[in-house]
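Note that these values count all heavy atoms, side chains included, but never hydrogens, waters or copies made by symmetry.
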Amino acid sequence: MPSKRPVLDVAIIGGGVTGASIGRELSRYRLKIALFEKEEELAFGVSKSNSGIIHPGTQNPPGSLKGRLCVEGNRLTREIARELGVEYKEVGELIVIFSSSEMPRLMKIKEDAEKLGVSGMSIVDRDWLKEHEPNLNPETVAALYAPQAGIISPYRWVYDLAGNAASNGLQIFLSTAVTGIKKNGGAFEIVTNKKTYSAKFVVNAAGLFADDVARMVGVSDFLIKPRKGQEFLLDKKRENITNHLIFPLPSATSKGILVIKTADGNPMIGPTAEDIDDKHDLSTTDEGLRTVLESVKKLVPSIEENDIISYFAGLRPVAGTDFIIRHEDSVPGFINAAGIQSPGLSAAPAIALMVAGLLKENGLPMRKKLFFNRKGRGKLPRTGEVVCRCENIFAGEVRDAIRRGARTLDGIKFRTRAQAGRCHGGFCTTRIMKIMEEELGVSAAEITKRGRGSEIINDERA
């Protein structure tokens with residue numbers, strides 16, 4: 001007779017910011033929990049293309065789930081970032097208008113945000129803007145100022161949340177794609193490309209593919225529609241082109257095309273908002289570039305195309321107008337956390353609390369551990385020789401990133417910023433690969449950019 005498979009209390013599907021936040025929250029309790037991620041590293045799905053904005057809650061309907069969770073998540077993000085030692089900068093946001101006729105719409109945004117509990121907002125006039133945002137278009141007449149908006153590195157946020165959860169007992173399975181789920185008695189059988197696992201509860205946080213996972217258990221009342229956002233990264237020399245996050249008045253489908261301060265210093269411009277069908281389409285286009293440049297130059301006229309050092313696109317998992325966070329009564333023990341588009345990064349810690357509450361309400365014993373490690377592992381050590389000249393990254397930082405879980409060049413870039421400068425790794429890639437060979441005991445031909453199929457060297461002998 002085959003040995004009985006050990007049963008997890010909770011299986012989390014998806015290793016982005018939602019899954020990592022849920023993992024950390026559940027690791028406070030005496031539970032057997034595991035997280036399954038199909039990519040080679042965490043944060044390689046939706047989260048890797050996030051702009052890193054922690055929204056205050058100014059652009060969501062007052063009765064919406066996403067609005068309530070955004071406000072709560074903004075507070076929790078600041079608290080958890082302090083615990084983990086993750087750099088969080090509260091830079092504030094400005095939603096600008098160009099005509100007094102737009103003031104009623106701006107006031108409505110302020111009123112809705114106040115109903116959600118956003119505090120400290122004010123309408124600032126042209127004189128204030130001239131003093132505090134000298135590069136802003138002089139045709140702006142006023143703005144809504146929300147000081148609680150912040151910025152964080154979305155990748156390092158995921159890595160630190162998951163790393164802390166792992167130190168508290170979360171098992172993380174990478175390169176592990178869930179291919180089927182079926183209920184067998186009181187537990188779910190979770191079939192992956194590697195082996196089959198059993199769990200009493202399943203939390204679906206699979207981002208763009210949450211609808212596919214939900215259909216595995218017969219839930220088919222929502223569909224994830226990808227919304228592509230093209231963004232463009234500016235040279236770090238333009239770090240201080242704005243002092244705040246700059247927003248136009250939002251549209252029905254988007255917060256608009258922004259000028260974004262980032263935790264790493266390089267400003268970003270974008271994103272576009274294009275509803276598409278292909279969940280793998282991460283292409284950028286000349287049309288997208290023209291659209292973004294035209295829009296941001298209305299906000300900050302001095303931004304030029306030659307300021308751009310990198311292009312990328314991300315896909316937001318849209319499933320209607322609000323988040324879908326619920327226990328599926330038709331499949332007891334199965335919880336969906338789906339359609340987590342903007343402000344998903346901001347809301348993630350609050351989503352985690354909501355999911356924990358749903359698990360408890362539906363029969364999972366939630367007994368807190370006597371000791372929960374709240375602290376992160378601190379900054380990477382700046383020792384050894386300089387590996388990346390553009391970003392001034394040292395060999396010690398690269399080595400420690402590998403020891404913390406980086407297995408790909410992108411994993412190292414997201415953790416350290418090496419390869420993220422204007423030369424795009426022209427100086428540092430071979431140096432990083434040498435360190436990876438030493439630390440991982442692999443050959444150069446085995447090193448990939450983002451996982452299998454993206455090998456850097458074509459070894460014809462392989």
Worksheet item: H244 and Y145: aromatic ring centres closer than 6.0 Å?
Response: yes
Discussion item. Is it the case that the ring center of H424 lies less than 6.0 angstrom away from the ring center of Y311?
Written reply: no
Discussion item. Given 3.5 Å as the limit, does a donor-acceptor pair link the side chain of K369 with the main chain of S27, or not?
Written reply: yes
Item to complete: Could you tell me whether the side chain of T262 and the main chain of N266 form a donor-acceptor pair under 3.5 Å?
Response: yes
Response to the item:
Taken to the nearest 0.5 Å, the spacing of L129 CG from I246 CD1 works out to 8.0 Å
Worksheet item: Taking atom types as modelled and ignoring hydrogens, do the side chains of S51 and E231 form a donor-acceptor contact shorter than 3.5 angstrom?
Response: no
Enumerate donor-acceptor pairs with a distance under 3.5 Å from any side-chain N or O in residues 429-437 to protein atoms, sequence neighbours excluded.
unit_1 : atom_1 : unit_2 : atom_2 : d
T429   : OG1    : G425   : O      : 2.7
R431   : NH1    : F427   : O      : 2.6

Worksheet item: Could you go step by step and tell me if R399 and E438 meet the salt bridge (Lys or Arg N to Asp or Glu O under 4.0 Å) rule?
Response: CA-CA 9 Å; R399 291 186 187 280; E438 295 170 358; 2.7 Å; yes
Worksheet item: Can you check whether L234's main-chain N or O pairs, donor with acceptor, with D307's side chain at less than 3.5 Å?
Response: no
Worksheet item: In Å, rounded to the nearest 0.5 Å, how long is the span from CG of L116 to CD of E72?
Response: 12.0 Å
Worksheet entry | From CA spacing to verdict: salt bridge (Lys or Arg N to Asp or Glu O under 4.0 Å), E304, K297 | CA-CA 8 Å; E304 299 290 346; K297 284 177 76 68; 3.5 Å; yes
Item to complete: Using distance alone, with no hydrogens and no angle criterion, decide if K228 and S283 have a side-chain donor and acceptor under 3.5 Å apart.
Response: yes
Discussion item. Donor-acceptor check, side chain of S122 to backbone of V124, threshold 3.5 angstrom: yes or no?
Written reply: no
Worksheet item: If you round to the nearest 0.5 Å, how far is NE2 of H280 from CG of L282?
Response: 9.0 Å
Discussion item. Would you say that more than 12 heavy atoms from the other residues, nucleotides or ligands in this model lie under 6.0 Å from the CD of E83, or not?
Written reply: yes
Discussion item. Do I447 and L440 make a side-chain contact, defined as non-hydrogen atoms from C-beta onward lying under 4.5 Å apart?
Written reply: no
For residues 56-63, dump all side-chain donor-acceptor pairs below 3.5 Å to protein atoms at least two apart in sequence or in another chain.
unit_1 : atom_1 : unit_2 : atom_2 : d
T58    : OG1    : E93    : OE2    : 2.5

Practice prompt. Mind running side-chain hydrogen bond (donor to acceptor under 3.5 Å, both in side chains) on S119 and Q148 for me, showing each step along the way?
Written response: CA-CA 8 Å; S119 61; Q148 293 176 355; 3.1 Å; yes
Worksheet item: What heavy-atom pair brings E397 and L380 nearest, and what distance separates the two atoms?
Response: O-CD1, 3.6 Å
Discussion item. I need the minimum non-hydrogen distance between D211 and I224, along with the two atoms involved.
Written reply: OD2-N, 3.0 Å
Worksheet item: Do R82 and E79 sit within salt-bridge range, that is, some charged N less than 4.0 Å from a carboxylate O?
Response: no
Worksheet item: Is there a donor-acceptor pair under 3.5 Å between the side chain of E25 and the backbone N or O of A356?
Response: no
Discussion item. With heavy-atom distances below 4.5 Å as the criterion, would you say the side chains of H55 and F247 are in contact?
Written reply: yes
Item to complete: Side-chain contact test, heavy atoms from C-beta onward, threshold under 4.5 Å: evaluate it for F394 versus T416 and give yes or no.
Response: no
Practice prompt. Examine distances only and state if a side-chain atom of N193 and a backbone atom of A177 form a donor-acceptor pair shorter than 3.5 Å.
Written response: yes
Discussion item. I'd like to know if R290 and D286 make a salt bridge, using a cut-off of under 4.0 Å between side-chain N and carboxylate O.
Written reply: no
Discussion item. S346 vs N74, test: side chain to side chain contact (heavy atoms under 4.5 Å, CB included). Steps then yes/no.
Written reply: CA-CA 6 Å; S346 313; N74 178 285; 5.5 Å; no
Fill in: Salt bridge K261-E239, side-chain N to carboxylate O under 4.0 Å
no
Discussion item. Does this structure show an ion pair linking K115 with E111, if we count only N-O contacts that are shorter than 4.0 Å?
Written reply: no
Discussion item. How close do A206 and V213 get, counting heavy atoms only, and between which atoms?
Written reply: CB-CG2, 3.8 Å
Item to complete: List the steps and the verdict of side-chain hydrogen bond (donor to acceptor under 3.5 Å, both in side chains) for N336 and N204.
Response: CA-CA 5 Å; N336 273 310; N204 174 17; 2.8 Å; yes
Discussion item. Once rounded to the nearest 0.5 Å, what's the spacing between atom OG1 of T321 and atom CD of Q341?
Written reply: 8.5 Å
Worksheet item: Out of curiosity, L249 CG to L144 CG, how far, rounded to the nearest 0.5 Å?
Response: 9.5 Å
Practice prompt. Output, in order, the C-alpha distance, side-chain angles, deciding distance and verdict of side chain to side chain contact (heavy atoms under 4.5 Å, CB included) for I340 and R316.
Written response: CA-CA 8 Å; I340 312 297; R316 287 160 267 179; over 6 Å; no
Worksheet item: Should F44 and F414 count as side-chain neighbours, where that means a heavy-atom distance under 4.5 Å?
Response: yes
Worksheet entry | Aromatic Y159 / basic R415 pairing, under 6.0 angstrom, 45° off normal | yes
Worksheet item: Is it true that atom CZ of R78 has more than 12 heavy atoms of other residues, nucleotides or ligands lying nearer than 6.0 Å?
Response: yes
Discussion item. Is it the case that the side chain of E446 and the backbone of S443 share a donor-acceptor pair, with hydrogens and angles ignored and the cut-off at 3.5 Å?
Written reply: yes
Worksheet entry | Closest approach of D322 to L65 (non-hydrogen atoms, all atoms of both residues) | OD2-N, 2.8 Å
Discussion item. Less than 4.5 Å apart, side chain to side chain, heavy atoms only: is that true for Q419 and C388?
Written reply: no
Worksheet item: Counting only N and O atoms by type, is there a donor-acceptor contact under 3.5 Å from the side chain of N168 to the main-chain atoms of N164?
Response: yes
Worksheet item: What's the verdict on side chain to side chain contact (heavy atoms under 4.5 Å, CB included) for T192 and F173, showing C-alpha distance, side-chain angles and the deciding distance?
Response: CA-CA 10 Å; T192 77; F173 298 99; over 6 Å; no
Worksheet item: Do R28 and R374 come within less than 4.5 Å of each other through their side chains, counting heavy atoms only?
Response: yes
Worksheet item: With no hydrogens and no angle check, is any side-chain donor or acceptor of T291 less than 3.5 Å from a backbone partner on L289?
Response: no
Item to complete: Taking atom NZ of K298 as the centre, report whether more than 12 heavy atoms of other residues, nucleotides or ligands fall under 6.0 Å from it.
Response: no
Discussion item. Tell me whether R389 at atom CZ has more than 12 heavy atoms from other residues, nucleotides or ligands lying less than 6.0 Å away.
Written reply: no
Worksheet item: Shortest non-hydrogen contact from S100 to V141?
Response: N-CG2, 4.1 Å
Worksheet item: Side chains of W128 and L94: closer than 4.5 Å at any heavy-atom pair?
Response: yes
Worksheet entry | Between CZ on residue R238 and OG on residue S302, distance to nearest 0.5 Å | 4.5 Å
Worksheet item: In terms of side-chain geometry, is the basic nitrogen of E39 or K48 positioned less than 4.0 Å from the acidic oxygen of its partner?
Response: no
Fill in: E40 with R407: basic N within carboxylate O range, under 4.0 Å
no
Worksheet item: Any sub-3.5 Å donor-acceptor pair from S47's side-chain atoms to V17's backbone N or O?
Response: yes
Worksheet item: Can you tell if the side chain of E41 reaches within under 4.5 Å of the side chain of Y155, non-hydrogen atoms only?
Response: no
Worksheet entry | Test side chain to side chain contact (heavy atoms under 4.5 Å, CB included) applied to I53 and L345, step by step | CA-CA 8 Å; I53 297 173; L345 184 77; over 6 Å; no
Fill in: T140 to N137 - nearest heavy-atom pair and separation
OG1-O, 2.8 Å
